[in-house]
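Numbered from 1 within each chain, the chains take letters A, B, ... in sequence-line order.
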Number of protein chains: 2
Amino acid sequence: MATIYDVAKLAGVSPATVSRVFNGASVSEEKAAAVRQAAAELKFVPNRTARSLRRQSSEVIALVIPDIENPYFTEMARGVEDVASEAGYSVVLCNSDARIDKEQAYLRIAILEQMSGVILAASSDRTDLEDLLRAGRPVVAVDRGTSYDIDRVVMANRDAGRAATQQLIDAGCTRIAHIAGPEHIETAAERVGGWRDALEAHGMPVPTELLRFSSFRVDGGREAMAELLALPEPPDAVVAGNNLLGVGALQVLTERGLTPPAVGVSVIGSLPFTTLSPDVVTVVRLPARDMGITAARMLLERIGGVDEPARTVTLQGELQPAIAR
Amino acid sequence: MATIYDVAKLAGVSPATVSRVFNGASVSEEKAAAVRQAAAELKFVPNRTARSLRRQSSEVIALVIPDIENPYFTEMARGVEDVASEAGYSVVLCNSDARIDKEQAYLRIAILEQMSGVILAASSDRTDLEDLLRAGRPVVAVDRGTSYDIDRVVMANRDAGRAATQQLIDAGCTRIAHIAGPEHIETAAERVGGWRDALEAHGMPVPTELLRFSSFRVDGGREAMAELLALPEPPDAVVAGNNLLGVGALQVLTERGLTPPAVGVSVIGSLPFTTLSPDVVTVVRLPARDMGITAARMLLERIGGVDEPARTVTLQGELQPAIAR
DNA sequence: ATGAAAGCGCTAACAA
DNA sequence: TTGTTAGCGCTTTCAT
């Protein structure tokens with residue numbers, strides 16, 4: 001691997017000049033050409049590690065998500081990656097497994113590896129960003145907020161919950177359950193709010209026994225749905241709090257021969273790998289990729305030194321109603 | 001951030017001794033204790049960038065996969081990550097998008113960032129590993145081989161294809177189609193071989209018009225399934241070459257009211273987010289997580305200097321038959 | 001077992 | 001504009 005010194009010697013200039021050429025500082029066109037020529041000849045590429053050590057920062061950003069197997073987050077990851085790699089940054093994808101200790105470990109690594117910044121879908125509202133922020137690394141929150149005053153990109157969760165529920169009301173359902181995510185996660189709580197709103201707006205009672213908090217996972221959806229069906233008065237419809245809960249609920253319904261529209265189903269989030277006809281399940285599509293793109297752009301701005309007050313971008317879901325029944 | 005010098009001063013030793021303590025070299029228990037004490041007091045953590053520069057390698061491995069949105073690969077990624085992080089390595093997940101140019105770009109970055117090694121699910125059989133191998137970075141191939149003589153972990157694709165097909169034959173199907181992945185991808189070709197094997201073993205003709213090569217994606221499965229159904233003599237069963245092709249095929253069948261067992265379906269790979277009852281679709285589960293675990297272990301061995309001839313590990317799929325009809 | 005010192009490849013003051 | 005030089009924080013000879 002050729003170094004900056006090899007190039008300098010071959011081009012007949014100082015190492016500093018070579019560095020300047022590769023960093024866009026002002027260099028006479030003549031020397032710049034010589035440097036480029038020499039660099040090409042030696043197949044020189046700057047050593048990123050050395051640069052990081054000297055600059056005290058590297059062109060790497062961390063993306064910390066709670067579940068790498070959830071298509072919602074991988075879709076977001078693609079958005080982040082597209083923007084980042086366009087700008088010459090690498091993305092390190094970190095799977096916190098929704099565990100605060102693993103998350104913390106990754107955030108530590110982000111500091112140690114001198115990463116330029118972090119995009120974080122926090123595992124809980126007690127995530128500790130002190131060290132990171134003290135080290136001057138910008139952090140952008142995605143999907144869920146944190147307890148810090150930082151940039152964030154979130155979904156219009158309440159609206160999504162309302163729209164999903166509304167659709168079932170319009171279809172004539174009267175006992176509408178809601179399988180929600182963990183109570184302490186902001187997104188879950190907001191979607192519950194939307195479900196409540198829609199019911200109240202129609203003068204319908206808010207049936208607490210039909211509200212189930214669960215994990216944002218398939219098995220959580222399965223359990224909750226099974227419980228709901230075991231009720232003396234089971235629901236005639238259900239709003240799933242995210243894509244995986246929707247899958248779990250639909251699996252249980254299918255197994256019992258209650259495939260929609262036998263029981264109405266609305267899902268907040270997309271069902272990318274479902275085999276159901278899109279006609280029978282209402283989906284509020286959440287623009288995960290856009291969320292990733294937006295977050296990455298904001299982070300790059302912060303890395304670039306933008307210094308305005310913390311911003312919040314809220315993305316709207318898109319209602320894809322089941323065909324009216 | 002405290003440096004090794006700060007610790008040395010506080011502990012009353014030389015920087016070299018501090019380094020030795022953190023690298024397991026022999027140091028008197030007395031001084032070692034003093035160093036640990038001082039390090040704890042200063043919250044010292046070694047700067048990884050400096051170490052990488054000095055050592056000319058970093059504790060990072062790259063995992064390059066063709067489709068980050070495919071659950072098969074994210075499941076594998078988890079396996080890799082679990083092993084790697086256990087050993088103190090970070091994993092950089094790179095999505096090549098099945099494009100050889102993006103893949104090449106990531107492999108370049110792996111060299112530049114002095115990553116310790118690469119786990120690669122190659123986008124094609126023409127992937128160029130010259131630079132990487134010349135730079136002495138070990139590479140382990142997963143899922144698919146490469147044209148190089150390196151360690152690899154693959155699935156028993158032919159067996160999987162055979163088992164999936166066999167199951168449909170046992171169920172009494174007589175016109176069994178196969179929707180395969182891209183012809184030039186090893187895994188796809190091998191699975192086709194298995195399909196062929198099973199048919200021939202039963203003295204059944206191998207119906208070329210029922211073999212479709214496609215992309216390993218949902219839309220590919222949809223197109224192929226639609227074409228098959230449009231045939232004058234459509235198939236009464238289909239073997240899907242991977243999980244996404246299976247989803248696509250099932251979507252089309254469902255939309256046309258041909259949900260299995262109306263048409264028999266076997267899928268090579270799992271359907272994690274399907275809402276179908278597992279009773280009606282045969283699945284040959286592929287142990288993706290194990291593949292990741294195995295590959296990561298092999299890579300770490302190579303990084304550690306193991307120098308034996310290239311090894312190949314073949315993992316068996318697990319037949320999960322639909323309930324006999 | 002320990003310390004002194006060189007240097008990994010680059011960038012950024014400072015001088016010229 | 002250009003070159004000289006001093007590190008960034010660590011590891012690793014080479015002495016002792």
side-chain contact (heavy atoms from CB on, under 4.5 Å) filter on B/Thr146, not counting sequence neighbours, yields B/Leu120, B/Ala122, B/Leu129, B/Ala141, B/Tyr148, B/Ile150
Within residues 8-25 of chain B, the residues having a heavy atom closer than 4.0 Å to DNA chain D are B/Ala16, B/Ser19, B/Arg20, B/Asn23
In short, ring pair (Phe, Tyr, Trp, His ring centres under 6.0 Å) pairs touching residues 1-52 of chain A with sequence neighbours left out are A/Phe22-A/Phe44
The bend of the helix from C/dA1-D/dT16 to C/dA16-D/dT1, taken between the axes of its five terminal pairs at each end and rounded to 10°, is 40°
Residues at least two apart in sequence or cross-chain that pass side-chain contact (heavy atoms from CB on, under 4.5 Å) with B/Ile293, listed by chain then number, are B/Val83, B/Arg289, B/Asp290, B/Arg297
Sequence neighbours excluded, the answer for side-chain hydrogen bond (donor to acceptor under 3.5 Å, both in side chains) partners of B/Asp151 is B/Arg302, B/Arg311
Sorted by number, residues from residues 33-42 of chain A placing a heavy atom under 4.0 Å from DNA chain C are none
Salt bridge (charged side-chain N to carboxylate O under 4.0 Å, His left out) filter on B/Arg126, not counting sequence neighbours, yields none
The side-chain hydrogen bond (donor to acceptor under 3.5 Å, both in side chains) partners of B/Glu103 (sequence neighbours excluded) come to B/Ser123, B/Thr127
Sorted by chain and residue number, the side-chain hydrogen bond (donor to acceptor under 3.5 Å, both in side chains) partners of A/Asn95 (sequence neighbours excluded) come out as none
Here the residues of residues 46-60 of chain B within 4.0 Å heavy-atom distance, strictly under, of DNA chain C are B/Leu53, B/Arg54, B/Gln56
Side chains of residues 57-67 of chain B: which donor-acceptor partners sit under 3.5 Å, not counting sequence neighbours?
unit_1	atom_1	unit_2	atom_2	d
B/Ser58	OG	B/Glu113	O	3.4
B/Ser58	OG	B/Gln114	O	3.1
B/Asp67	OD1	B/Glu69	N	2.9

